[in-house]
Amino acid sequence: QESVKYEKKAIAINPKRIECYIALAESWLHVKNEKECLATYPNALKECEANSQFYYSWGVSFQFFKKWDESFEKLKKAIELDSNNHLAYYALSISYFKTDNEDEAAKMLEKTIEIKPDHLIALYNLGQYLLRKNDYENAVKYYKKAVSSNINAGYIYLNIASCYELMNKKEEALEYWKKAVEYNPKNTDAKISLANAYLKAGDIQNAIRKIRSAYKENKKDLKILLMY
């Protein structure tokens with residue numbers, strides 16, 4: 001509530017500054033006060049000229065409270081005012097995903113990446129969409145871009161390995177299972193997958209080593225026990 005108090009003071013000092021209203025609405029959003037949050041935006045329009053960031057914030061607030069139609073309307077208005085607002089495109093992709101319109105969501109992700117090529121979450125989500133569509137080759141392309149955008153995104157190695165396995169590219173799958181384990185040596189799922197990859201490649205000794213290593217990490221995991 002402290003931030004709400006200061007944002008109200010800022011508006012009292014400068015009631016024509018749109019950023020103060022955005023900050024106030026987002027403070028109300030932070031404490032999950034739907035009524036006050038959503039009322040702040042139309043109040044702002046009585047005093048200020050809105051911009052793309054204002055409508056983006058409004059759209060995200062509607063999204064948070066699961067008011068999807070209103071969210072679409074405001075986010076599209078944000079894009080109308082600034083066609084390079086990658087945040088609005090990405091937020092639209094979330095609303096489309098949440099309303100079971102994956103194809104439109106993917107289009108919004110593509111626009112997000114077009115404007116901001118290193119948007120890690122957009123790259124990853126588009127990879128996930130393509131994986132669900134069985135487009136493994138393009139899924140790998142976006143997963144790899146996601147990894148190159150953030151060296152801490154090693155969990156994506158698992159997805160890349162899975163795609164290669166589904167394409168029957170065993171060597172490439174093995175390479176990325178290894179990378180997944182190197183990134184997080186305590187990830188038992190990655191070790192199990194790597195062990196399976198070794199088994200498929202006929203490398204029994206390395207498979208056994210990985211199963212034993214996974215067993216040491218988690219002796220109660222049923223998947224490990226079945227392999228062990």
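Basis for what follows: all heavy atoms, side chains included, without hydrogens, waters or symmetry-related copies. In this chain, numbering begins with 1 at the start of the sequence shown.
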### Closest approach of Ser162 to Trp177 (non-hydrogen atoms, all atoms of both residues)
OG-CH2, 3.5 Å
### Message
Under a 3.5 Å threshold, yes or no: a donor from one side chain and an acceptor from the other, between Asn159 and Gln128?
### Response
yes
### Message
As a quick check of understanding, evaluate side-chain contact (heavy atoms from CB on, under 4.5 Å) for Asn134 and Leu166, giving each step before the final call.
### Response
CA-CA 9 Å; Asn134 301 325; Leu166 289 164; over 6 Å; no
### Note: Glu182-Lys179 ion pair, threshold 4.0 Å (strictly below)
no
### Query
Can you get from Leu45 to Leu81 by hopping between Ile, Leu, Val, Met, Phe, Trp and Tyr side chains that sit under 4.5 Å apart?
yes
### Query
How many angstroms lie between atom OG of Ser71 and atom NZ of Lys66, to the nearest 0.5 angstrom?
12.0 Å
### Message
To the nearest 0.5 Å, what is the distance between CD1 on Ile113 and CD1 on Ile121?
### Response
11.5 Å
### Query
Do Tyr143 and Tyr124 have side-chain heavy atoms sitting under 4.5 Å apart?
yes
### Query
Which atom pair, heavy atoms only, marks the closest approach of Leu123 to Pro117?
CD1-O, 3.5 Å
### Message
On a heavy-atom basis, which atom in Ile156 and which in Ala146 lie closest, and how many Å separate them?
### Response
CD1-CB, 3.6 Å
### Query
Is there a side-chain contact between Leu75 and Tyr55, using heavy atoms and a 4.5 Å cut-off?
no
### Message
Between Val140 and Met167, is there a side-chain heavy-atom distance shorter than 4.5 Å?
### Response
yes
### Task
Answer whether the closest heavy-atom distance between the side chains of Ile160 and Val147 falls below 4.5 Å.
yes
### Task
Carefully, step by step, assess Leu174 and Leu194 under the rule side-chain contact (heavy atoms from CB on, under 4.5 Å).
CA-CA 7 Å; Leu174 183 61; Leu194 179 55; 3.4 Å; yes
### Message
Angle between ring planes, Tyr157 versus Tyr183, binned at 30° and 60°: parallel, tilted or perpendicular?
### Response
perpendicular
What pairs of donor and acceptor atoms, side-chain ones from residues 4-14 against any protein atom, are under 3.5 angstrom apart with sequence neighbours left out?
from  : atom 1 : to    : atom 2 : distance (Å)
Lys5  : NZ     : Glu2  : OE2    : 3.2
Asn14 : OD1    : Lys16 : N      : 3.4

### Separation of Ser57 OG from Lys74 NZ (nearest 0.5 Å)
12.0 Å
### Task
Could you tell me whether Asp135 and Lys141 make a salt bridge, using a distance below 4.0 angstrom between a side-chain N and a carboxylate O?
no
### salt_bridge(Lys111, Glu114) N-O dist < 4.0 Å
yes
### Message
I want to check something: taking the side chain as every heavy atom from C-beta on, are Phe97 and Glu102 in contact at a cut-off of under 4.5 Å?
### Response
yes
### Message
Using every non-hydrogen atom in the two residues, find where Ala106 and Tyr129 come nearest and quote the distance to one decimal.
### Response
CB-CE2, 3.5 Å
### Message
Can a donor-acceptor pair be found, under 3.5 Å and without considering hydrogens, that links the side chain of Ser93 to the backbone of Ala105?
### Response
no
### Over 12 foreign heavy atoms within 6.0 Å of CD, Glu47
yes
#### Entry: Met108 side, atom CE; Ile94 side, atom CD1 - distance, nearest 0.5 Å
13.0 Å
### Query
If you round to the nearest 0.5 Å, how far is CG of Asn138 from CG of Leu131?
12.0 Å
### Task
Tell me, with the steps shown, if Glu104 and Lys107 meet salt bridge (Lys or Arg N to Asp or Glu O under 4.0 Å).
CA-CA 5 Å; Glu104 283 301 315; Lys107 291 176 185 177; 3.1 Å; yes
### Test: Asp69 and Lys67 ion pair at under 4.0 Å
no
#### Entry: Side-chain donor or acceptor of Ser27 paired with backbone N/O of Ala23 under 3.5 Å
yes
### Same apolar cluster (I L V M F W Y, side chains within < 4.5 Å links), Ile79/Tyr56
yes
### Query
What is the minimum heavy-atom distance between Gln63 and Ala91, and which atoms define it?
NE2-O, 2.8 Å
### Query
Can you check whether Phe72 and Tyr96 have ring centres sitting under 6.0 Å from each other?
yes
### Task
Can you spot which of Asp82, Asn85, Ile18 makes a side-chain contact (heavy atoms from CB on, under 4.5 Å) with Asn51?
Ile18
### Task
Determine whether Leu87 and Val60 make a side-chain contact, defined as any pair of heavy atoms from C-beta on separated by less than 4.5 Å.
no
#### Entry: Side chain to side chain, Lys32 and Phe64, heavy atoms closer than 4.5 Å
yes
## Note on the structure
CG (Asn125) and CG (Leu109) are apart, to the nearest 0.5 Å, by 6.0 Å
### Task
Please work out whether the ring planes of Tyr90 and His119 are parallel, tilted or perpendicular, with thresholds of 30° and 60°.
tilted
### Task
List for me each residue that meets ring pair (Phe, Tyr, Trp, His ring centres under 6.0 Å) alongside Phe54, sequence neighbours excluded, and say none if there are none.
Tyr41, Trp58
### Query
Is there a donor-acceptor pair closer than 3.5 Å between any side-chain N or O of Tyr21 and the backbone N or O of Pro15?
yes
### Query
Do Tyr176 and Glu172 get their side chains close enough for a donor-acceptor pair, meaning under 3.5 Å?
no
### Glu80 with Lys77: basic N within carboxylate O range, under 4.0 Å
yes
#### Entry: Contact summary for Ile115 and Asn84, nearest pair of heavy atoms
CG2-O, 3.5 Å
### Side chain to side chain, Leu29 and Phe65, heavy atoms closer than 4.5 Å
yes
